[in-house]
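A quick note: this is a predicted structure, and the numbers were derived from the prediction, not measured. No hydrogens, no waters, no symmetry mates; every other heavy atom, side chains included, goes into these values.
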Number of protein chains: 2
Amino acid sequence: MSDTRPKKSKLGLREIASVAHVSIATVSRVLNGSNRVDPAIQKSVLAAAADLEIDFLQRKKTKALAFLLCNRAMQHAFHSRILLGAEAYCASRNWELLFQSLDYPAHVPSKELLLPKVLQRHDLVRGVVLAGTNSTNLLELLGEKGVPFVVLGNNVMGEFTDAKCDVVFSDDVQGGHDMTRYLISLGHRCIGFVGNIGLPWFARCFAGYQRAMEEAGLAPRHSTVNSENEAEIGYLGTKSLLARGEPVTAIFAGNDPTAHGVYKALRDSGLNIPDDVSVVGCDDTVGSYLYPTLTTIREFPEQLGKQMVELLVNRIADPGQKPQPVTVPTELIKRDSCRRFQPSEEIAAAGALQGAMI
Amino acid sequence: MSDTRPKKSKLGLREIASVAHVSIATVSRVLNGSNRVDPAIQKSVLAAAADLEIDFLQRKKTKALAFLLCNRAMQHAFHSRILLGAEAYCASRNWELLFQSLDYPAHVPSKELLLPKVLQRHDLVRGVVLAGTNSTNLLELLGEKGVPFVVLGNNVMGEFTDAKCDVVFSDDVQGGHDMTRYLISLGHRCIGFVGNIGLPWFARCFAGYQRAMEEAGLAPRHSTVNSENEAEIGYLGTKSLLARGEPVTAIFAGNDPTAHGVYKALRDSGLNIPDDVSVVGCDDTVGSYLYPTLTTIREFPEQLGKQMVELLVNRIADPGQKPQPVTVPTELIKRDSCRRFQPSEEIAAAGALQGAMI
DNA sequence: TGCTGCACGTGAAATTTTTCTGTATTGTAG
DNA sequence: CTACAATACAGAAAAATTTCACGTGCAGCA
């Protein structure tokens, strides 16, 4: 290779040990076991190592990252596409990727969580990609343990200040904003949002929707259903919007599977898409399978996965750098589920909805 | 633990080495590096080890399996669900799971394939789960290298005799048979199959269809499109069936995404589902999103994943046992895309199809 | 306050892994 | 058929890891 340094004397644990005034065994522990070593000693060993060799990481045999899919069955193919993106980037950079799913409670102090055994293997797993749905307690725990990690920001529960760790977002807030503006530009004024705002990915989409509505001087109206089942959220949310007599001409579903539930509810109520009601979704997972095909917000999960690994690898290389947030844009995909709405139709539309309520 | 043996003297590499009359280093290599050791010596070391200790595998630190997703973007969520099933079973048995995707050419002799580096790490990866689409050259290579593996039988290209390795099948042949019989029981006589028979998963489904048709004394008629894009296969295959003037009253799509293409083609031709033509699919990935909802064959990918890992773990524990094939059954899911067909309608149906051809 | 037990953290020693080196074997060209 | 080269492979030695046993400090308890 292109190693220009003359390798003065054999560089090994022995040398580090003598510089740091500890035993070889301790150096070995610091360098990979990492467990059961006094932080002060660990620090001095690391310093000694840094003195002697720049790239101790290179020296190691296996470089693996863990991909933790948390609290979520791999629905919608969305997360599996994130995994693929992550894997592709890993492969290109000669990292292995361990896949593991993990369920943990959201409302338990970080002390009481126990990490999967893989992550204990500091000599194998050098960092963690957190996909799925996470809550701040796990982030804290990883922070305390000093395990480098990146998290998919869209799906973090609870108050989440992104300043404290590397995080990748899919810009669904902007996507929701764009989409709402699009519906407004088509002439819609009464646009209902259906989702479960208790879940962060719905909340973010809703935030974009809400902002766009307020900017346009329109009243946001939403129907939130406290469920984890997305088709159910869409179905019940729509039924409830209709039952309240909201004169909606368009419904914004918080994601594509939810839109599927919306479709079903509208059909059950005898309403036609898009003639009676326009529908839009978000995430572009199953929108193209629906009928009529769904106007939605395309996200780029492979890109999210790639970005996450990229941030993580950078952090491992330079643990000191300050946390970095990355946002991946979204794209508005226009399909057949929307139509232009003439304000003059409003009375007629209201009539149709009245009919549907019977 | 429940170790009843008295552990006569410290059991270690030293003891094995002396029994096998080789150096400790060689024993170490056999036990994990495995590379660069004469097969004869390897065998004798293994024998010596077996003499001394039953469970040398237990001794090892990391037990990881590799999940190789081959030659396939993770479409349809089908393979990601296999992964989830595999991971769940791994976790329950304290195995780690490395995920890696891999593309390789099908028509290259096994000598010329190069395995991903992870698999070289015999000390880490103890076996391989082959998902995605595989061809026999990779199977041969793994066999030669002595790497334990299981393969998803449905997606193996080329002549594949399952006698030579552990293999798990989803019983889509039976599923295709059941489905065809179901269509026949609804009164359909002229049933077209749409797919790409060059691809093994279509071929298997088609085999079931063909057998059922022949058993019923009906003529199989299929339209195969040489493409990898499933929606395209469905669309073009259907268009071509119609263009040939086949008086089909039902179409069997080789999988759900293909059925989506079939839907589109029928709609473009002005035909109603199921009034003019009944449609069925296979795999139950997106069938529930289609409109009308698709009658299809449910498969159980999580179960497939679990079974694969189970076979693999058994083989690792006992490499001598003879190859074992496992078949996971399928389930017929009846939805809205089929209707009963009265033979008397045949002339009318033919008329509708004629109209569609214009 | 002093004792006891326990958990942590360390170095020495034992064990294992990896590198290095010498030898044998196989293939290839003359 | 010989000479040379390239490669494979085992063992010795070096390096790294893990185990073991011991000291230290702290909490619980008398």
- Query: Per the atom types in the model, does the base of dT19(C) pair as donor or acceptor with the side chain of Arg29(B) at under 3.5 Å?
  - Reply: yes
- Message: Between Val27(A) and Val22(B), which residue's closest nucleotide on DNA chain D lies nearer the 5′ terminus?
- Response: Val22(B)
- Query: To the nearest Å, how far apart are Ile24(A) CD1 and dA12(C) P?
  - Reply: 9 Å
What side-chain donor-acceptor pairs closer than 3.5 Å can you find for residues 302-311 of chain B, not counting sequence neighbours?
from, atom 1, to, atom 2, distance (Å)
Glu302(B), OE1, Arg81(B), NH2, 3.3
Glu302(B), OE2, Arg81(B), NE, 2.9

- Message: Rounded to whole Å, please give me the gap between NZ in Lys43(A) and C1' in dG9(C).
- Response: 19 Å
- Asp38(A) CG to dG11(C) C1': how many Å, rounded? 15 Å
- Message: Between C1' on dG11(D) and CD1 on Ile41(B), what's the gap in Å once rounded to a whole number?
- Response: 11 Å
- Once you round it to whole Å, what is the distance between P of dT18(C) and CG of Leu13(B)? 12 Å
- Message: Which nucleotide wins on minimum distance to the side chain of Val37(A), given the candidates dA10(D), dG11(C), dT10(C)?
- Response: dT10(C)
- Message: Please report the distance, rounded to the nearest Å, between CD1 in Ile16(A) and C1' in dT17(D).
- Response: 14 Å
- Query: Are the side chain of Arg315(A) and the backbone N or O of Gln321(A) linked by a donor-acceptor pair below 3.5 Å?
  - Reply: yes
- Message: How many whole angstroms separate atom NE2 of His21(A) from atom C1' of dT10(C)?
- Response: 16 Å
- Specify the separation, in whole Å, of atom CZ of Arg14(A) and atom C1' of dT17(D). 14 Å
- Message: So which atom in Gly132(B) and which in Asn155(B) form the shortest heavy-atom distance, rounded to 0.1 Å?
- Response: O-CB, 3.1 Å
- Message: If I compare all heavy atoms of Gln100(A) with all of Ala91(B), which pair ends up nearest, and what's the gap?
- Response: NE2-CB, 4.4 Å
- Query: Would one find a side-chain N or O of Thr26(B) under 4.0 angstrom from OP1 or OP2 of dG11(D)?
  - Reply: yes
- Task: Ignoring the backbone of Ser28(A), work out which of dT18(D), dG11(C), dA12(D) is nearest its side chain.
- Result: dT18(D)
